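Since this is a predicted model, take the numbers as computed values, not measurements. Read the numbers this way: they start at 1 and go in the same order the structure lists the ligands and their atoms.
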Amino acid sequence: MDDCIFCKIVNKEIPAQVVYEDDEILAFKDIKPLAPVHVLVIPKKHIPDLTAITGEDTGLIGRLHLVATRLAEELGVADSGFRFVNNCKGDGGQVVFHLHFHLLGGRQLRGLG
Ligand code: 5GP
Ligand code: ZN
């Protein structure tokens with residue numbers, strides 16, 4: 001997608017602090033971290049939001065979670081705990097319309113919303 005900021009990060013047109021990369025997944029530090037650990041885990045392919053996934057994406061969605069748990073271990077929050085969340089569309093608080101999950105940890109997180 002031409003004007004998608006996360007596609008530009010995937011294509012290295014915009015810099016990011018990448019913490020994980022494979023053929024289909026990229027993880028990088030959030031530019032405005034809300035916690036000591038705040039990483040965005042995204043599929044490289046452009047999916048606008050969670051409602052746009054199909055049956056073909058179930059493996060990908062599982063692997064995004066596996067990457068998140070491995071990163072939580074690497075970043076030292078697997079034992080203390082963390083949150084792995086998606087904001088979907090307007091009421092969900094989504095601002096960037098390329099599917100992404102937030103990995104948050106390193107402090108006590110309070111309620112949702
Ligand atoms: P959303 O509200 O859509 O779930 O979250 C989007 C997240 O993307 C926000 O936490 C925001 O700080 C982050 N973000 C927006 N633009 C950039 C960028 O250019 N680089 C990085 N690393 N993060 C970004
Ligand atoms: Zn995109």
Side-chain angles (χ1 to χ4, degrees):
M1 273 273 290
D2 283 351
D3 55 356
C4 169
I5 195 158
F6 285 179
C7 281
K8 287 183 176 159
I9 288 175
V10 167
N11 294 326
K12 313 286 196 236
E13 292 165 28
I14 291 178
Q17 287 184 271
V18 172
V19 293
Y20 177 84
E21 180 165 17
D22 65 27
D23 287 352
E24 60 176 356
I25 294 169
L26 188 72
F28 52 94
K29 292 186 181 178
D30 196 290
I31 204 165
K32 285 187 187 162
L34 298 174
V37 171
H38 190 173
V39 168
L40 301 173
V41 186
I42 76 169
K44 285 188 169 177
K45 78 168 176 174
H46 184 86
I47 300 173
D49 64 67
L50 195 59
T51 68
I53 62 167
T54 71
E56 289 183 3
D57 299 317
T58 54
L60 170 64
I61 298 299
R63 288 189 288 281
L64 288 166
H65 283 71
L66 199 56
V67 166
T69 58
R70 295 291 177 270
L71 283 172
E73 284 164 14
E74 275 181 40
L75 299 171
V77 297
D79 290 337
S80 49
F82 59 89
R83 195 169 278 171
F84 190 58
V85 290
N86 169 255
N87 297 327
C88 186
K89 295 187 176 175
D91 282 358
Q94 185 175 6
V95 174
V96 176
F97 287 84
H98 178 128
L99 180 64
H100 56 278
F101 291 82
H102 298 253
L103 172 62
L104 293 154
R107 70 170 172 84
Q108 178 64 63
L109 298 165
R110 304 289 170 192
L112 290 170

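Annotation: atom 6 (C) of ligand 1 to nearest protein heavy atom, H100 NE2, 3.5 Å. Annotation: atom 19 (O) of ligand 1 to nearest protein heavy atom, I5 CD1, 3.5 Å. Of the protein's non-hydrogen atoms, D30 OD1, 3.4 Å is the one closest to atom 11 (C) of ligand 1. Of all protein heavy atoms, the one lying nearest to atom 3 (O) of ligand 1 is V95 N, 2.7 Å. In this structure, the protein non-hydrogen atom closest to atom 22 (N) of ligand 1 is K29 O, 2.9 Å.
When only interatomic distances are considered, the shortest N/O to N/O separation between H38 and ligand 1 does not fall below 3.5 Å. Residue G93 places at least one N or O, backbone or side chain, under 3.5 Å from an N or O of ligand 1. Note: an N/O pair closer than 3.5 Å links H102 and ligand 1 by distance alone.
The Zn ion (ligand 2) forms the vertex of an angle spanning ND1 of H46 and ND1 of H98; to the nearest 10 degrees it equals 110°.
Here the rule is side chain to side chain contact (heavy atoms under 4.5 Å, CB included) with V67, and of L71, T69, L64 only L71 fits it. Screening V77, L112, V37 against R83 for a side chain to side chain contact (heavy atoms under 4.5 Å, CB included) leaves a single residue, L112.
Counting all heavy atoms, side chain and backbone alike, A35 lies closest to L104 at CB-CD2, 4.2 Å. Pairing each heavy atom of V18 with each of E21, the nearest pair is CG1-CB, 4.3 Å. Nearest heavy-atom pair across D2 and K8 is O-CE, 3.2 Å.
Every atom of ligand 1 is numbered from 1 in the order shown, and the set under 4.0 Å from a heavy atom of N87 is 1 (P), 2 (O), 4 (O). Contact atoms of ligand 1 toward K32: 12 (O) (distance under 4.0 Å to a heavy atom of the residue). Interface of F28 with ligand 1, defined as ligand atoms under 4.0 Å from a residue heavy atom, comprises 21 (C), 22 (N). Close approach of ligand 1 to I9 (heavy-atom distance below 4.0 Å) involves ligand atoms 20 (N).
Put simply, the side chain of F6 reaches to within 4.5 Å of the side chain of H100, judged on heavy atoms.
For D22 (side chain) and I25 (main-chain N/O), a donor-acceptor pair under 3.5 Å exists by modelled atom type. Between the side chain of R70 and the backbone N or O of H65 there is no donor-acceptor pair closer than 3.5 Å. Counting only distance, with no hydrogens or angles, the side chain of D49 and the backbone of T51 share a donor-acceptor pair below 3.5 Å.
Within the 4.0 Å heavy-atom criterion, the part of L40 lying near ligand 1 is the side chain and not the backbone.
Salt bridge E24/K45: absent, no basic N to carboxylate O contact under 4.0 Å.
Scanning I31, D49, V96 for the heavy atom closest to atom 17 (C) of ligand 1 points to I31.
The shortest heavy-atom distance from F97 to ligand 1 is not under 4.0 Å.
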